[in-house]
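Have a look at the structure below, then the notes.
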Amino acid sequence: MTPKRIAPGPGQESVWDYPRPPRIEPTRKILQVVFNGVLIANTNRALRVLETSHPPVYYLPPADIQMQYLSPTTGRSLCEWKGQAWYYSVTVGNDRDLNVAWCYPEPTAGFASIKGYLAFYAQRMDSCYVDGERVTPQPGDFYGGWITRDIVGPFKGEPGSQGW
């Protein structure tokens with residue numbers, strides 16, 4: 001069953017207008033990631049990956065991330081477009097969470113610009129922000145998109161979206 005596309009209002013984007021295969025574009029929006037009360041990342045130099053049915057996934061440059069709080073894990077996954085992802089855990093004080101962020105150390109040629117950049121699962125952090133707006137995590141345990149008021153769906157990961 002094909003989902004019913006929500007028509008975007010002024011200043012909004014529909015995830016159903018995003019391409020497949022995905023597209024990468026820079027964003028100057030201020031992105032922030034907070035875990036256990038600590039600002040883990042703060043940047044206006046991110047890249048966003050746009051793919052049909054998914055809210056944007058933001059990849060942040062490691063220079064703008066407090067990398068002392070992150071450590072690599074043995075977690076791996078494979079994306080048909082980007083290649084093999086490696087995962088990171090976060091530890092702040094006594095709080096630790098596994099596989100909360102990922103990166104592509106050797107992405108495919110078409111995604112070379114995200115090499116070494118990290119993306120965070122918003123649902124695993126205390127909060128994530130785009131230009132001061134707290135994001136809503138993309139539904140589902142596997143997906144890492146960030147939903148803001150300027151993005152409309154329906155979104156992959158919502159109930160009933162398995163067949164899309």
Side-chain angles (χ1 to χ4, degrees), residues 11-13 15 17-93 95-138 140-151 155-157:
Q12 291 184 317
E13 302 172 349
V15 297
D17 296 335
Y18 293 163
R20 189 165 174 84
R23 175 179 75 232
I24 299 173
E25 61 183 36
T27 180
R28 301 300 288 170
K29 292 182 177 186
I30 297 169
L31 306 178
Q32 297 175 309
V33 177
V34 178
F35 183 80
N36 198 22
V38 173
L39 184 63
I40 300 293
N42 186 24
T43 190
N44 68 348
R45 302 181 307 135
L47 299 171
R48 65 183 200 152
V49 174
L50 308 176
E51 180 178 358
T52 305
S53 79
H54 296 269
V57 174
Y58 292 95
Y59 288 83
L60 289 64
D64 295 344
I65 300 170
Q66 301 298 317
M67 293 299 293
Q68 71 269 23
Y69 296 114
L70 298 175
S71 56
T73 72
T74 57
R76 303 286 185 271
S77 64
L78 185 63
C79 171
E80 66 181 307
W81 309 112
K82 296 179 280 300
Q84 187 175 51
W86 293 32
Y87 288 81
Y88 287 81
S89 293
V90 63
T91 305
V92 175
D95 265 358
R96 183 167 196 252
D97 202 353
L98 298 174
N99 300 323
V100 299
W102 70 97
C103 79
Y104 292 90
E106 297 296 330
T108 60
F111 291 86
S113 61
I114 64 169
K115 181 178 182 172
Y117 279 44
L118 278 78
F120 289 84
Y121 288 109
Q123 64 267 41
R124 308 285 293 282
M125 300 293 103
D126 289 352
S127 54
C128 296
Y129 300 90
V130 175
D131 275 347
E133 178 187 350
R134 187 175 183 155
V135 307
T136 299
Q138 180 176 6
D141 292 342
F142 183 74
Y143 303 112
W146 292 12
I147 302 169
T148 54
R149 65 181 163 263
D150 58 348
I151 307 296
F155 305 108
K156 182 75 171 178

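For clarity, every value in this text was computed on a predicted model and none was experimentally measured.
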### Task
Could you tell me whether R48 and E13 have a side-chain N and a carboxylate O separated by less than 4.0 Å?
yes
### Task
Drop me the distance from R96's CZ to L98's CG, to the nearest 0.5 angstrom.
5.0 Å
### Summary
Heavy-atom nearest pair, I24 first then S113, reads CD1-OG, 3.5 Å
### From CA spacing to verdict: side-chain contact (heavy atoms from CB on, under 4.5 Å), T108, W81
CA-CA 7 Å; T108 60; W81 309 112; 5.7 Å; no
#### Entry: Approximate separation, where rounding is to 0.5 Å, of L118 CG and D64 CG
11.5 Å
### Message
Ring-plane angle category for Y59 and W102, please: parallel below 30°, perpendicular beyond 60°, tilted otherwise.
### Response
perpendicular
### Task
Please examine the side chains of P22 and F111, heavy atoms only from C-beta on, and report whether any two atoms are closer than 4.5 Å.
yes
#### Entry: Minimum heavy-atom distance between A46 and P61, given as atom pair plus value
CA-CD, 4.2 Å
### Query
Does a side-chain N-to-carboxylate-O contact under 4.0 Å join K29 and E133?
no
### Task
Taking the side chain as every heavy atom from C-beta outward, state whether I65 and L70 have any pair of such atoms under 4.5 Å apart.
yes
### Message
I'd like to know if the side chain of Q138 reaches the main chain of K156, judged simply by a donor and an acceptor atom lying under 3.5 Å from each other, with no hydrogens or angles considered.
### Response
yes
### Query
P105 and K115: which non-hydrogen atoms are nearest, and at how many Å?
O-CE, 3.0 Å
### Message
Within the 4.5 Å heavy-atom criterion, are V15 and T52 side-chain neighbours or not?
### Response
no
### Message
Please give me the minimum heavy-atom distance between C103 and Y117, naming the atom from each residue.
### Response
CB-O, 2.9 Å
### Heavy-atom check, side chain of Q84 versus side chain of E106, under 4.5 Å
no
### Task
Please test N44 against L31 for side-chain contact (heavy atoms from CB on, under 4.5 Å), starting from the C-alpha separation and ending with a verdict.
CA-CA 6 Å; N44 68 348; L31 306 178; over 6 Å; no
### Message
For a side-chain contact (heavy atoms from CB on, under 4.5 Å) check, start with the C-alpha distance between W86 and R76, then their side-chain angles and the critical distance, and finish with the verdict.
### Response
CA-CA 5 Å; W86 293 32; R76 303 286 185 271; 3.3 Å; yes
### Query
Where is the tightest heavy-atom contact between D97 and R124, given as atom of each residue plus distance?
OD1-NH2, 2.8 Å
### Message
Rounded to the nearest 0.5 Å, what separates atom CG in D131 from atom CG in D150?
### Response
9.0 Å
### Task
Given side-chain contact (heavy atoms from CB on, under 4.5 Å), test Y129 with R134 step by step and report yes or no.
CA-CA 4 Å; Y129 300 90; R134 187 175 183 155; 3.6 Å; yes
### Message
Are I30 and T43 packed together at the side-chain level, in the sense that at least one heavy-atom pair is separated by less than 4.5 angstrom?
### Response
no
### Message
Are V38 and Q66 packed together at the side-chain level, in the sense that at least one heavy-atom pair is separated by less than 4.5 angstrom?
### Response
no
### Query
Does Q32 use its side chain to pair, donor to acceptor, with the backbone of V130 at less than 3.5 Å?
no
### Query
Has the side chain of N36 got a donor or acceptor atom that lies under 3.5 Å from a matching backbone atom of V92?
yes
### Message
Using ring centroids (six-membered ring only for Trp), state whether W146 and Y58 fall under 6.0 Å.
### Response
yes
### Task
Could you tell me whether a side-chain N or O of T73 sits under 3.5 Å from a main-chain N or O of S89, the two making a donor and an acceptor?
no
### Query
Rounded to the nearest 0.5 Å, what separation is found between the OH atom of Y87 and the CG atom of N99?
7.5 Å
#### Entry: Close side-chain approach of Q12 to I151, heavy-atom, < 4.5 Å
no
### Query
Y143 and H54: ring pair (Phe, Tyr, Trp, His ring centres under 6.0 Å), yes or no, with the steps?
CA-CA 8 Å; Y143 303 112; H54 296 269; 5.3 Å; yes
### Task
Check whether any side-chain heavy atom of C128 sits under 4.5 Å from a side-chain heavy atom of Y121, and report yes or no.
no
### Closest contact, heavy atoms only, P26 versus L47
CA-CD2, 3.7 Å
